2 protein chains.
Amino acid sequence: MSNKKQRYHHGHLSESLLQAVNDIASQFGIEAVTLRGCAKHVGVSPAAAFRHFQDKRALLTAFATRALNQLADTLAATEEAARSANHDSFHAVGMAYISFALENPALFRAMWREETIYSRDEDYLAAAERLVGYLKEGFAGTIEDEDPNDFSPHEMLAWSSVHGMANLFVDGPIASQMQQEQKIQLAESVLSELKSTCNSQ
Amino acid sequence: MSNKKQRYHHGHLSESLLQAVNDIASQFGIEAVTLRGCAKHVGVSPAAAFRHFQDKRALLTAFATRALNQLADTLAATEEAARSANHDSFHAVGMAYISFALENPALFRAMWREETIYSRDEDYLAAAERLVGYLKEGFAGTIEDEDPNDFSPHEMLAWSSVHGMANLFVDGPIASQMQQEQKIQLAESVLSELKSTCNSQ
DNA sequence: ATCTATATGTAAACAATGTTCACATCCAAT
DNA sequence: ATTGGATGTGAACATTGTTTACATATAGAT
């Protein structure tokens, strides 16, 4: 971080800028992310960012896209692991979703904020579609699926309750009043309730 | 709006500023809310706002507080109406929550955004506690309640799924891809699933 | 190797925003 | 009527996003 300071060209600027967003957002929240701040964090002039992103909004869109993909990766890996270990993969996927939000609140917040991103961006839509795909396919294949192209009430119930808990644990009155451990325990028991409902048919 | 323009003192500035936030947020989104914009909307100098709110953040906190109270009012009224009409009040309260979000996305977004408000503000906490209270009391009294001071898995399941749907309908890939009507129908059927789960004991 | 087109970076400037400060105006209690 | 506190104004400032004109590096053709 000290010897290659003299280079006029950075080399991986767009990648580094996204990393900067991640660092700053993780430490101070997304609201604290500033274009100039990211540029300084990377050691580059503010204007340089505009060679790689049309906008601040475009930068945040790319960040949200990456966050979506990370979450989708996590879910996929979790399901695979649980399946091959013969564990309850519905439970595992649900908990993975919630844990991701708890461990990366900044990422989780970023990926859903319609107003601060270009939600019609091609890459963003693709990433979103990938995540939604998992869920439409029966909550990543862990519950029975009637139609892989649409949400059944069961699928929607599963996703929305997990998504709702994740949101409530990150933003809301519960967020600051409950310990991490409590949240996880509550999530576990809610998922148990859910499982019986969603597998009942 | 035209004859009382000459007064030096506004009279109800803090109230009017909140109204301005509402107007602008409803029309252009919360991200578009600007202190100067609100001041101009009210016909007052930017600095005047600081006599009534310490911060932009304090203004948004007051706005979020009001939104929380509005939602709580709506839920209370809905429950009362459904109860006296002998309707399914669980269903009614759940749908009211979701409808509120669909009809007032700006309000709904504002009330949960920890990063843009003072979430430790006294009034905000009171409003949040009031809403949470409804839910801790058995989802506004519509499901059985084991402990009014804590969330049972049933209560958490009910709230989180409703909250999750509201969020997904307002921010997220579904938001733009589904019609209002579809969202409501999906919500209805999810709530039907939920009811059997939450009342089963 | 040289030249040149293009990609990538810089510095300086601008408008908009949040915020503060010194001052103006009004209201209300003496 | 006077005066003190509440409320509003205008000018200023730092910060931010963004643009523009210019500088430098890199890659491919010659």
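Within every chain, numbering begins at 1; the chains are lettered A, B, ... in the order of the sequence lines, protein sequences first and strands thereafter. Since the model is a prediction, treat every value here as computed from it, not as a measurement.
Protein atom CD of A/Glu31 is 16 Å distant from nucleotide atom C1' of D/dT15, rounded to whole Å. The nearest whole Å value for the distance from the CZ atom in B/Phe53 to the C1' atom in D/dT7 is 14 Å. Rounded to whole angstrom, the span from the CG atom of A/Leu59 across to the P atom of D/dT18 amounts to 10 Å. Here C/dT25 presents its C1' atom at 15 Å from CG of B/Leu13, a figure rounded to the nearest Å. Nucleotide C/dT20 holds its C1' atom 18 Å from the NZ atom of B/Lys56, rounded to whole Å. The CZ atom of B/Phe50 sits 16 Å away from the P atom of C/dA22 (whole-angstrom rounding). Going from atom CZ of B/Arg51 over to atom P of D/dA6 covers 10 Å, rounded to whole Å. Atom-to-atom, NZ of B/Lys40 to P of D/dG8 comes out at 18 Å; the value is rounded to the nearest Å.
In this pair, B/Tyr97 and B/His163 present their aromatic rings perpendicular. The plane angle is above 60°, beyond the 30 to 60° band.
With C/dA22, C/dT19, C/dT10 as the candidates, the nucleotide lying closest to the side chain of A/Ala47 is C/dT10. Residue B/Arg7 has its side chain nearest to C/dC27 when only C/dC27, C/dG18, C/dT10 are considered.
Applying the 4.0 Å criterion to OP1 and OP2 of C/dA7, one finds that A/His52 has every side-chain N and O outside that range. Between D/dT15 and A/Thr34, no contact under 4.0 Å exists linking OP1 or OP2 to a side-chain N or O.
In terms of position on DNA chain D, the residue among B/Pro46 and B/Arg36 whose nearest nucleotide sits closer to the 5' end is B/Pro46.
Side-chain atoms of B/Glu188 and B/His91 include a donor-acceptor pair closer than 3.5 Å.
Closest approach of B/Thr65 to B/Asp123, counting heavy atoms only: CG2-O, 3.6 Å.
Under the ring pair (Phe, Tyr, Trp, His ring centres under 6.0 Å) criterion, B/Phe169 pairs with no residue at all, not counting sequence neighbours.
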